[in-house]
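Here it is: the structure, laid out below.
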Amino acid sequence: MSLLEAVLDPITPTTIVDVAKSWNVVLAGTLLIVIFLSSVIFLRQRSRLLPQGWNEFIHNYKFPAESQPNWSQHYGSQAAGDDEIRSKPSGIYNPNQPQFIHSYCPATGQYLGRVPASTKEDIDTAVQRCQVAQDAWKKTSFEERKVVLRLLLEFLKKNQDQIVRIACRDSGKTMVDAALGEIMVTLEKLAWTLKHGEHALRPSSRAGPANLLIRYKTAEVVYEPLGVVLAIVSWNYPLHNILNPIIASIFTGNSIVVKCSESVVWSSRYFVEMVQSCIAKCGHSPDLVTLVCPWPSDADYLTAHPGISQATFIGSKPVAHKVLTAAALALTPVTVELGGKDAAIVLDEHLPSWRQCDGIASVLMRGSFQSAGQNCIGIERIICEPNAYDGLVKVLTERVPQLRLGSSLDDDDDKNIDVGAMVNDSRFDELERLIVDAVTRGASLVCGGQRYNHPEYPLGSYFQPTLLVDVTPEMEIAKSELFAPVMVLMKAENAEDAIRIANLAKFGLGGAVFGKRGSAATEKVVRDMKTGNIAVNDFATFYVCQLPFGGVNESGYGKFGGEEGLRGLCLAKSVCRDRFPGISTSIPAVVDYPLQNMTKAWKFVRAMNAAAYAASVKEFAISLGQLLRNMM
Ligand SMILES: *[C@@H]1O[C@H](CO)[C@@H](O)[C@H](O)[C@H]1NC(C)=O
Ligand SMILES: *[C@@H]1O[C@H](CO)[C@@H](O)[C@H](O)[C@H]1NC(C)=O
Ligand SMILES: *[C@@H]1O[C@H](CO)[C@@H](O)[C@H](O)[C@H]1NC(C)=O
Ligand SMILES: *[C@@H]1O[C@H](CO)[C@@H](O)[C@H](O)[C@H]1NC(C)=O
């Protein structure tokens, strides 16, 4: 093309191609910049997910020798002065050393060590440190708190072996039980909180007043940290019971004093140190989480401590009374989770089919024998309709006697252990008495029923996995919480009768129903069982699903876990603002102090109430007229 042509006709196909080309360059350039910027942002976010060097930190963490397989020192009672003497453990308290709490492995009787019992001074120091740490922590963003939770999650996941062994040494449970009941539920709590915690704590916008005349107000609830909270936790899941309140507390911006049970102080100390190290690794004060373990005589001092804003108590009713009395002195609110006598109701609807029976039996056995039956929401009673009863008795009679007791810590691949030890043998007499009493009253003992002297672990605290059938509601064993590897079967005439029997318990924590999905009978049980939680065709899943957890009647009150649990650790601050710019409350002259005319003021306010809550246009118009008449 000549220059002339180009001047005369600037828009030729060639120039179009050129323009298009340059547009492509611009587009490609823009795209590159966008990709670059977003990857920078993404990588910055990635680097914010976990602290620098987190992998080495997790990998090189120093666990105690007891966390290794085949750890084999210190049998029997240290108090005897000779590590090698295989005498029965003398218990957590030794009158010659009252300042120490002594720890033994319930499965083997091995001496684990002694931990100083916290004094009143220790408690003061713990609360004070928590207060200082919380002052800085409450200002952190959710993103900063999530970094700590993420590190904890990775830490637990990657160090499962050592952590589980520490929990098992102190509680006597098997490693499989610990992996389910300690690790899995804790990982779930962490993952759930990371994913949904912030949503639960976002400011909640409310409808505001129904009063027509004050509709210019907005209403909102914001959730602020409370300060230092206290968790008094039970021994049955030493890792999970401590981590659960810690996760919720630090995510909500609180700091926490944890009071563990004397029975598991040895492992609790390692677990809290673990958490503190993770917090420190993320650049925050490890004092956010402090552990105390006083003897019961000093426990009230802790509960009544004026520095504590809220307390969660997991334990027994007699101790709860003491805790609540002490907490009342400081007006500290307490969430109370006590025992349970959870019933699993099995309906006839699709039974007996052998596959169904077997599947249900598997769930029931896990619910009854996990952690040697020491579960707040373990299945304590199995109540069946007649056909289900016959089918289950058959299957369970075959399967329960096969359960093997022992310690699973020695990595012996040739040995399979199903059920671990109990925390100690303090309650063996009582359990044997309850079982004998039931048999005397007509129950049949299929297997177990007694303590077990394990040939390999003569110092262990073992109770035989027990199956007791034909139990009736008036037997004592059907009423009191067993917290032991004892499976109790009861026959009901029908669903109605099963619900009646289930509701005879003074407890109401969890429950389960096995029936056809969505059937009227299943839903009736869900509705009519007097418990705080219920699982359909399963057990304890309401816990794993991160729902608010808590019971009714003698199982306690208040909820922890889930959204309600997170909000329960917060001050729900109510905030009221003006909806529109320039419109705010001004006191009408007629009711302004000092009143000019009391009669007029009265008529004005009366008309105002009538107008604001008028049921009809006519009423509104009349009231408004009166209001305006009396306004000036
Ligand atoms: C057995 O364990 C329970 C629960 O922790 C505790 O109350 C009791 O004092 C323990 N008994 C002994 C002898 O250690
Ligand atoms: C622990 O002991 C068992 C049985 O004695 C053995 O098979 C296993 O190899 C040992 N494990 C370690 C890590 O020493
Ligand atoms: C609590 O349980 C007891 C004992 O079963 C029962 O008598 C009482 O009615 C229950 N209270 C409530 C409020 O359900
Ligand atoms: C108050 O207002 C009423 C009219 O609503 C009038 O009748 C009365 O005299 C006034 N009283 C005084 C003390 O001014």
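All values reported here derive from a predicted model rather than from experimental measurement. When a ligand or atom number is given, it counts from 1 through the structure's own listing order. Computed over heavy atoms, backbone and side chain alike; hydrogens, waters and symmetry mates excluded.
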Shortest protein contact, atom 8 (C) of ligand 3 (heavy atom only):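 The answer is Asn553 ND2, 3.6 Å.
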
Within the distance-only criterion (no hydrogens, no angle test), does the side chain of Asp122 pair as donor or acceptor with the backbone N or O of Thr119 below 3.5 angstrom?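 Checked: pair present.
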
For atom 14 (O) of ligand 4, decide whether some protein heavy-atom distance is shorter than 4.0 Å.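 Yes, because at least one protein heavy atom sits under 4.0 Å from atom 14 (O) of ligand 4.
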
Mutual orientation of the aromatic rings belonging to Tyr462 and Tyr452 [parallel < 30°, tilted 30-60°, perpendicular > 60°]: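 Correct class here is perpendicular.
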
Kindly indicate whether atom 11 (N) of ligand 4 is approached by any protein heavy atom to under 4.0 angstrom.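 When distances to the protein are checked, atom 11 (N) of ligand 4 has a heavy atom within 4.0 Å.
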
Any idea how Trp295 and Tyr93 line up, ring-wise: parallel (<30°), tilted (30 to 60°), or perpendicular (>60°)?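 If you compare the ring of Trp295 with that of Tyr93, the planes turn out perpendicular.
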
Got the closest protein heavy atom to atom 7 (O) of ligand 1, with its distance?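 Checking every protein heavy atom, the shortest distance to atom 7 (O) of ligand 1 gives Ser263 OG, 5.0 Å.
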
I need the atoms of ligand 1 closer than 4.0 Å to a non-hydrogen atom of Ser426, numbered in the order shown.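 Every atom of ligand 1 under 4.0 Å from some heavy atom of Ser426: 1 (C), 10 (C), 11 (N), 12 (C), 13 (C).
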
Measure from NZ or CZ of Arg114 to the centre of the six-membered ring of Phe100, then state whether that distance is under 6.0 Å and the direction lies within 45° of the axis.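 Flagged: Arg114 positioned over aromatic ring of Phe100.
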
Which ligand 1 atoms does Ile92 reach within 4.0 Å, using its non-hydrogen atoms?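 Taking each heavy atom of Ile92 in turn, ligand 1 has 14 (O) under 4.0 Å.
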
Considering only protein heavy atoms, which is closest to atom 4 (C) of ligand 3, and at what distance to one decimal place?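 Scanning the protein heavy atoms, the shortest distance from atom 4 (C) of ligand 3 goes to Lys506 CB, 3.5 Å.
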
Salt-bridge contact Arg433-Glu476 (side-chain N to carboxylate O under 4.0 Å):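 Salt bridge flag = yes for Glu476 with Arg433.
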
Check each heavy atom of Thr599 against ligand 4 and say whether those closer than 4.0 Å belong to the side chain, the backbone, both or neither.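 Looking at Thr599 and ligand 4, no heavy atom falls under 4.0 Å.
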
Please work out which of Leu595, Asn597, Asn630 has its closest non-hydrogen atom nearest to atom 3 (C) of ligand 4.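 When every heavy atom of Leu595, Asn597, Asn630 is considered, Asn597 comes closest to atom 3 (C) of ligand 4.
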
Are a donor atom and an acceptor atom from the side chains of Tyr237 and Asp177 found within less than 3.5 Å of each other?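 The answer is no; no qualifying pair exists.
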
How close does the nearest protein non-hydrogen atom get to atom 1 (C) of ligand 1, and which residue and atom is it?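 The closest one turns out to be Asn424 ND2, 1.4 Å.
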
Should the ring pair Phe542 and Phe549 be called parallel, tilted or perpendicular, given that the plane angle runs from 0 to 90° and is split at 30 and 60?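 It falls in the parallel class, under 30°.
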
Criterion side chain to side chain contact (heavy atoms under 4.5 Å, CB included) against Val275, the qualifying member of Leu156, Val289, Ile256, Leu291: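 The option that passes is Val289.
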
Identify the closest protein heavy atom to atom 5 (O) of ligand 4: which residue and atom is it, and at what distance?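 So the nearest neighbour among protein heavy atoms is Lys600 CG, 3.3 Å.
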
